[in-house]
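Structure record follows, encoded as C-alpha coordinates.
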Amino acid sequence: MSGRITKKEKERIQKILDLLDEHYTREYKCYLNHETPWQLLIATILSAQCTDERVNLVTKDLFHKYTSLEAFASADQKELEQDIHSTGFYKNKAKNIIACTNMLLKEYGGQVPENIEELTKLAGVGRKTANVIRGNIYHEPSIVVDTHVKRISRKLGLTKEEDPVKIEFDLMKVLPKEHWILFNIQIITHGRGLCTARAPQCEQCFLKELCKERK
DNA sequence: CTCCCGATAT
DNA sequence: ATATCAGGAG
(Lines give C-alpha, C1' and ligand atoms only; values in the text may rest on other atoms or scores of the structure.)
Protein backbone atom coordinates (compact mmCIF):
# COMPACT_ATOMS: atom_id res chain seq x y z
CA MET A 1 0.00 0.00 0.00
CA SER A 2 1.79 3.11 -1.18
CA GLY A 3 0.97 6.61 0.04
CA ARG A 4 0.67 7.90 -3.47
CA ILE A 5 -0.78 11.34 -3.97
CA THR A 6 -3.67 11.70 -6.39
CA LYS A 7 -3.70 14.41 -9.05
CA LYS A 8 -6.55 16.13 -7.26
CA GLU A 9 -4.69 16.22 -3.97
CA LYS A 10 -1.62 17.51 -5.73
CA GLU A 11 -3.61 20.38 -7.21
CA ARG A 12 -5.12 21.19 -3.83
CA ILE A 13 -1.69 21.33 -2.25
CA GLN A 14 -0.33 23.51 -5.05
CA LYS A 15 -3.22 25.92 -4.49
CA ILE A 16 -2.31 26.14 -0.80
CA LEU A 17 1.33 26.83 -1.68
CA ASP A 18 0.38 29.45 -4.28
CA LEU A 19 -1.92 31.28 -1.85
CA LEU A 20 0.77 31.24 0.85
CA ASP A 21 3.31 32.63 -1.65
CA GLU A 22 0.83 35.30 -2.68
CA HIS A 23 0.14 36.57 0.84
CA TYR A 24 3.40 36.02 2.69
CA THR A 25 7.12 36.52 2.27
CA ARG A 26 9.20 34.38 -0.08
CA GLU A 27 12.36 35.22 1.83
CA TYR A 28 14.06 32.77 4.14
CA LYS A 29 13.54 35.07 7.07
CA CYS A 30 13.96 33.94 10.63
CA TYR A 31 11.87 35.21 13.51
CA LEU A 32 14.54 34.39 16.09
CA ASN A 33 17.13 37.19 16.08
CA HIS A 34 20.74 35.99 15.73
CA GLU A 35 24.04 36.83 14.11
CA THR A 36 25.79 33.46 14.21
CA PRO A 37 24.75 29.80 13.88
CA TRP A 38 25.44 29.08 17.56
CA GLN A 39 23.30 32.09 18.54
CA LEU A 40 20.38 30.67 16.54
CA LEU A 41 20.93 27.31 18.24
CA ILE A 42 20.69 28.89 21.69
CA ALA A 43 17.72 31.05 20.68
CA THR A 44 15.91 27.97 19.41
CA ILE A 45 16.61 26.01 22.61
CA LEU A 46 15.10 28.96 24.49
CA SER A 47 12.04 29.02 22.21
CA ALA A 48 10.52 25.81 23.60
CA GLN A 49 6.99 26.66 24.76
CA CYS A 50 7.77 30.36 24.57
CA THR A 51 6.97 33.06 22.03
CA ASP A 52 9.79 34.11 19.69
CA GLU A 53 9.05 37.68 20.73
CA ARG A 54 9.95 36.82 24.32
CA VAL A 55 13.07 34.94 23.20
CA ASN A 56 14.25 37.99 21.21
CA LEU A 57 13.76 40.18 24.28
CA VAL A 58 15.94 37.83 26.33
CA THR A 59 18.65 37.18 23.71
CA LYS A 60 19.08 40.90 23.10
CA ASP A 61 20.76 41.21 26.50
CA LEU A 62 21.99 37.61 26.67
CA PHE A 63 24.18 37.80 23.55
CA HIS A 64 25.73 41.03 24.84
CA LYS A 65 26.58 39.43 28.17
CA TYR A 66 27.77 36.09 26.71
CA THR A 67 29.63 36.95 23.53
CA SER A 68 31.08 33.53 22.64
CA LEU A 69 30.48 29.82 22.84
CA GLU A 70 33.18 29.72 25.52
CA ALA A 71 31.30 32.26 27.60
CA PHE A 72 28.17 30.06 27.59
CA ALA A 73 30.17 26.88 28.16
CA SER A 74 31.74 28.27 31.33
CA ALA A 75 28.66 30.13 32.56
CA ASP A 76 27.46 29.77 36.14
CA GLN A 77 24.27 27.77 35.89
CA LYS A 78 22.36 29.71 38.56
CA GLU A 79 23.30 33.00 36.96
CA LEU A 80 22.30 31.78 33.49
CA GLU A 81 18.99 30.58 34.93
CA GLN A 82 18.28 34.13 36.06
CA ASP A 83 19.36 35.56 32.71
CA ILE A 84 16.87 33.40 30.79
CA HIS A 85 14.23 33.14 33.53
CA SER A 86 11.35 34.74 31.65
CA THR A 87 11.44 32.16 28.84
CA GLY A 88 10.19 29.45 31.22
CA PHE A 89 11.66 25.96 31.77
CA TYR A 90 14.70 27.99 32.77
CA LYS A 91 16.46 25.26 34.80
CA ASN A 92 16.41 22.73 31.98
CA LYS A 93 17.24 25.33 29.38
CA ALA A 94 20.23 26.70 31.34
CA LYS A 95 21.58 23.21 31.97
CA ASN A 96 21.11 22.26 28.31
CA ILE A 97 22.74 25.45 26.99
CA ILE A 98 25.83 24.86 29.14
CA ALA A 99 26.03 21.17 28.18
CA CYS A 100 25.32 21.90 24.51
CA THR A 101 27.95 24.63 24.16
CA ASN A 102 30.51 22.40 25.90
CA MET A 103 29.75 19.61 23.42
CA LEU A 104 30.10 22.02 20.50
CA LEU A 105 33.53 23.12 21.73
CA LYS A 106 34.84 19.68 22.72
CA GLU A 107 33.38 17.45 20.01
CA TYR A 108 32.64 19.74 17.07
CA GLY A 109 35.47 22.25 17.13
CA GLY A 110 33.07 25.05 17.99
CA GLN A 111 31.11 24.52 14.76
CA VAL A 112 27.37 23.83 14.64
CA PRO A 113 26.94 20.52 12.75
CA GLU A 114 24.75 20.32 9.63
CA ASN A 115 23.73 16.71 10.00
CA ILE A 116 20.46 15.97 11.80
CA GLU A 117 21.87 12.96 13.65
CA GLU A 118 24.76 15.02 15.00
CA LEU A 119 22.51 17.99 15.81
CA THR A 120 20.08 15.89 17.84
CA LYS A 121 22.95 14.48 19.91
CA LEU A 122 23.39 17.95 21.39
CA ALA A 123 21.81 18.62 24.78
CA GLY A 124 18.42 20.28 24.46
CA VAL A 125 18.32 19.79 20.71
CA GLY A 126 15.50 17.66 19.29
CA ARG A 127 14.20 17.30 15.75
CA LYS A 128 12.45 20.65 15.75
CA THR A 129 15.51 22.62 16.80
CA ALA A 130 17.75 20.60 14.48
CA ASN A 131 15.50 21.38 11.51
CA VAL A 132 15.48 25.09 12.35
CA ILE A 133 19.28 25.05 12.10
CA ARG A 134 19.30 22.96 8.90
CA GLY A 135 16.77 25.22 7.18
CA ASN A 136 17.88 28.64 8.38
CA ILE A 137 21.65 28.22 8.57
CA TYR A 138 22.44 25.63 5.91
CA HIS A 139 19.36 26.08 3.69
CA GLU A 140 18.93 22.31 3.54
CA PRO A 141 15.34 21.34 2.77
CA SER A 142 13.78 20.53 6.14
CA ILE A 143 10.43 20.74 7.86
CA VAL A 144 10.07 22.17 11.35
CA VAL A 145 7.01 20.79 13.10
CA ASP A 146 6.27 23.30 15.83
CA THR A 147 2.91 24.02 17.38
CA HIS A 148 1.82 26.19 14.41
CA VAL A 149 2.84 23.72 11.71
CA LYS A 150 1.14 20.91 13.62
CA ARG A 151 -2.13 22.77 14.10
CA ILE A 152 -2.40 24.28 10.63
CA SER A 153 -1.18 21.23 8.66
CA ARG A 154 -3.95 19.25 10.30
CA LYS A 155 -6.52 21.94 9.54
CA LEU A 156 -5.43 22.01 5.90
CA GLY A 157 -5.74 18.24 5.66
CA LEU A 158 -2.05 17.74 4.95
CA THR A 159 -1.77 15.18 7.78
CA LYS A 160 -4.01 13.42 10.25
CA GLU A 161 -1.18 12.55 12.65
CA GLU A 162 -0.61 13.91 16.15
CA ASP A 163 3.03 12.94 16.56
CA PRO A 164 5.38 15.71 15.28
CA VAL A 165 7.79 13.20 13.70
CA LYS A 166 4.96 11.47 11.80
CA ILE A 167 3.68 14.89 10.71
CA GLU A 168 7.16 15.80 9.50
CA PHE A 169 7.29 12.67 7.31
CA ASP A 170 3.74 13.21 6.03
CA LEU A 171 4.60 16.76 4.99
CA MET A 172 7.82 15.60 3.31
CA LYS A 173 5.77 13.15 1.26
CA VAL A 174 3.13 15.66 0.30
CA LEU A 175 5.05 18.92 -0.25
CA PRO A 176 7.55 19.56 -3.05
CA LYS A 177 11.04 19.64 -1.56
CA GLU A 178 11.77 23.14 -2.84
CA HIS A 179 8.81 24.45 -0.79
CA TRP A 180 9.71 22.85 2.55
CA ILE A 181 11.58 25.75 4.13
CA LEU A 182 9.29 28.47 2.79
CA PHE A 183 6.16 26.53 3.76
CA ASN A 184 7.42 26.50 7.33
CA ILE A 185 8.13 30.20 7.46
CA GLN A 186 4.80 31.08 5.86
CA ILE A 187 2.76 28.75 8.08
CA ILE A 188 4.37 30.19 11.19
CA THR A 189 3.55 33.69 9.94
CA HIS A 190 -0.02 32.49 9.36
CA GLY A 191 -0.22 30.89 12.80
CA ARG A 192 1.03 34.00 14.56
CA GLY A 193 -1.27 36.34 12.69
CA LEU A 194 -4.50 34.90 11.28
CA CYS A 195 -4.80 31.25 12.24
CA THR A 196 -4.01 31.51 15.94
CA ALA A 197 -4.82 28.61 18.22
CA ARG A 198 -7.30 30.37 20.47
CA ALA A 199 -9.06 32.85 18.18
CA PRO A 200 -8.50 32.08 14.48
CA GLN A 201 -9.71 34.85 12.13
CA CYS A 202 -11.43 32.44 9.77
CA GLU A 203 -13.49 35.08 8.00
CA GLN A 204 -10.39 36.99 6.92
CA CYS A 205 -8.45 33.85 6.02
CA PHE A 206 -7.43 33.39 2.38
CA LEU A 207 -7.23 29.63 2.94
CA LYS A 208 -10.76 29.22 4.32
CA GLU A 209 -12.03 27.29 1.29
CA LEU A 210 -9.23 24.77 1.76
CA CYS A 211 -9.62 24.41 5.54
CA LYS A 212 -11.14 21.28 7.04
CA GLU A 213 -12.11 23.00 10.29
CA ARG A 214 -13.61 26.19 9.01
CA LYS A 215 -16.68 27.16 11.01
C1' DC B 1 3.56 8.97 29.71
C1' DT B 2 5.17 12.99 32.91
C1' DC B 3 7.75 16.85 34.08
C1' DC B 4 9.77 21.24 33.23
C1' DC B 5 7.60 26.79 33.80
C1' DG B 6 7.07 32.15 32.94
C1' DA B 7 4.26 35.56 30.40
C1' DT B 8 0.35 36.81 27.92
C1' DA B 9 -4.22 36.57 25.43
C1' DT B 10 -8.80 35.20 26.02
C1' DA C 1 -9.18 30.85 35.56
C1' DT C 2 -7.28 28.67 31.66
C1' DA C 3 -5.06 27.89 27.17
C1' DT C 4 -1.07 28.73 24.65
C1' DC C 5 3.62 29.81 23.16
C1' DA C 6 9.09 28.19 16.75
C1' DG C 7 9.85 21.36 22.70
C1' DG C 8 12.96 18.11 24.90
C1' DA C 9 14.38 14.61 28.20
C1' DG C 10 13.69 10.85 31.39
Side-chain angles (χ1 to χ4, degrees), chain A residues 20 24-25 27-34 37-62 77-78 80-104 112 116-155 159 161-168 171 180-202 213 215:
Chain A
L20 285 170
Y24 297 129
T25 180
E27 288 175 54
Y28 285 5
K29 69 170 290 186
C30 184
Y31 283 112
L32 295 168
N33 296 340
H34 65 283
W38 62 265
Q39 283 185 346
L40 179 59
L41 188 62
I42 290 171
T44 311
I45 290 173
L46 289 175
S47 75
Q49 297 292 291
C50 179
T51 60
D52 49 355
E53 195 180 348
R54 168 68 48 189
V55 173
N56 288 336
L57 224 53
V58 167
T59 53
K60 190 183 178 193
D61 294 330
L62 193 70
Q77 190 172 321
K78 291 291 176 198
L80 185 55
E81 283 176 12
Q82 290 314 303
D83 293 332
I84 65 171
H85 181 269
S86 70
T87 65
F89 299 155
Y90 57 88
K91 288 185 181 176
N92 283 338
K93 287 175 182 176
K95 189 167 65 173
N96 285 333
I97 287 170
I98 291 171
C100 177
T101 50
N102 273 289
M103 287 172 76
L104 282 179
V112 178
I116 190 151
E117 282 75 26
E118 300 299 324
L119 278 164
T120 51
K121 283 181 189 168
L122 298 168
V125 178
R127 259 193 112 76
K128 177 250 165 182
T129 301
N131 281 323
V132 168
I133 296 298
R134 278 159 48 83
N136 282 286
I137 301 298
Y138 300 113
H139 291 194
E140 284 179 53
S142 53
I143 289 177
V144 177
V145 182
D146 63 5
T147 179
H148 296 302
V149 173
K150 176 178 177 178
R151 181 178 71 254
I152 297 172
S153 295
R154 288 169 54 85
K155 280 191 172 189
T159 181
E161 299 292 348
E162 280 280 349
D163 174 40
V165 180
K166 289 183 180 173
I167 294 175
E168 184 186 334
L171 292 179
W180 289 359
I181 298 176
L182 208 49
F183 174 81
N184 256 291
I185 296 165
Q186 292 169 337
I187 289 294
I188 289 161
T189 308
H190 194 57
R192 286 162 40 112
L194 274 182
C195 191
T196 61
R198 298 185 68 163
Q201 315 271 93
C202 299
E213 284 181 32
K215 300 192 174 65

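We name chains A, B, ... by the order of the sequence lines, and we start the count at 1 in each one.
- Using a 4.0 Å heavy-atom cutoff across all strands shown, A:Thr147 reaches sugar-phosphate atoms only and no base atom.
- For the pair A:Phe89 CZ and B:dC3 P, the interatomic distance rounds to 12 Å; values are reported in whole Å.
- Rounded to whole Å, the distance from NZ on A:Lys150 to P on C:dG8 is 13 Å.
- In this structure, A:Val55 reaches neither bases nor backbone, as no heavy-atom distance under 4.0 Å exists between it and the strands shown.
- Look at the C1' atom in both B:dC5 and C:dC5: the space between them is 12 Å, to the nearest Å.
- Minimum atom distance to the side chain of A:Lys128 is reached by C:dG8, of the listed C:dC5, B:dG6, C:dG8.
- With C:dA6, B:dA7, B:dC5 as the choices, the nucleotide that has an atom nearest any side-chain atom of A:Lys91 turns out to be B:dC5.
- A:Ser47 comes within contact range of the sugar-phosphate backbone alone, with a heavy-atom separation under 4.0 Å but no base atom that close.
- A:Tyr31 comes within contact range of at least one nucleobase, with a heavy-atom separation under 4.0 Å.
- The side chain of A:Ala197 lies closest to C:dT4 when the candidates are B:dG6, C:dT4, C:dG7.
- For the pair A:Asn136 CG and C:dA6 C1', the interatomic distance rounds to 10 Å; values are reported in whole Å.
- Checking A:Glu53 against A:Val125, the closest nucleotide of DNA chain C that is more toward the 5' end is the one next to A:Glu53.
- Nucleic acid contact class of A:Leu40 (heavy atoms, under 4.0 Å, all strands): none.
- The side chain to side chain contact (heavy atoms under 4.5 Å, CB included) test with A:Pro200 singles out one residue from A:Lys155, A:Glu213, A:His190, and that residue is A:Lys155.
- Closest approach to the A:Arg54 side chain among C:dG7, C:dC5, B:dA7 is made by B:dA7 (side chain taken as heavy atoms from C-beta onward).
- When the side-chain nitrogen and oxygen atoms of A:Thr44 are compared with OP1 and OP2 of C:dG7, none of them lie within a distance under 4.0 Å.
- Atom-to-atom distance recorded for A:Glu168:CD and A:Lys150:NZ is 13.5 Å, nearest 0.5 angstrom.
- Applying the 3.5 Å distance criterion, the base of B:dT10 shares a donor-acceptor pair with the side chain of A:Arg198.
- Within 6.0 Å of the CD atom in A:Glu53, the count of heavy atoms belonging to other residues, nucleotides or ligands does not exceed 12.
- Across all strands shown, A:Thr196 has no heavy atoms under 4.0 Å from either base or sugar-phosphate atoms.
- With rounding to whole Å, A:Gln49 atom CD is found 10 Å from C:dA6 atom C1'.
- Mapped onto DNA chain C by nearest heavy atom, A:Leu122 and A:Gly191 fall at different nucleotides, with A:Gly191 at the one closer to the 5' end.
- C:dA1 and B:dC4 have their P atoms separated by 22 Å, given to the nearest Å.
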- Message: Using side chain to side chain donor-acceptor pair (under 3.5 Å), reason through A:Tyr28 and A:His139 one step at a time and then give a plain yes or no.
- Response: CA-CA 9 Å; A:Tyr28 285 5; A:His139 291 194; over 6 Å; no
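- Counting to the nearest Å, the P atom of B:dC4 and the NE2 atom of A:His85 are 14 Å from each other.
- In this structure, A:Asp52 places its CG atom 16 Å from C1' of B:dG6, rounding to the nearest Å.
- The distance from atom CD of A:Gln82 to atom C1' of B:dC5 is 13 Å, rounded to the nearest whole Å.
- Checking side-chain atoms of A:Arg154 against main-chain N and O of A:Glu161 turns up a donor-acceptor pair under 3.5 Å.
- Just one residue in the list A:Leu62, A:Leu46, A:Leu41, A:Asp83 forms a side chain to side chain contact (heavy atoms under 4.5 Å, CB included) with A:Ile97, and that residue is A:Leu46.
- Atom pair A:Ile42:CD1 and C:dG7:C1' shows a separation of 17 Å (rounding to whole Å applied).
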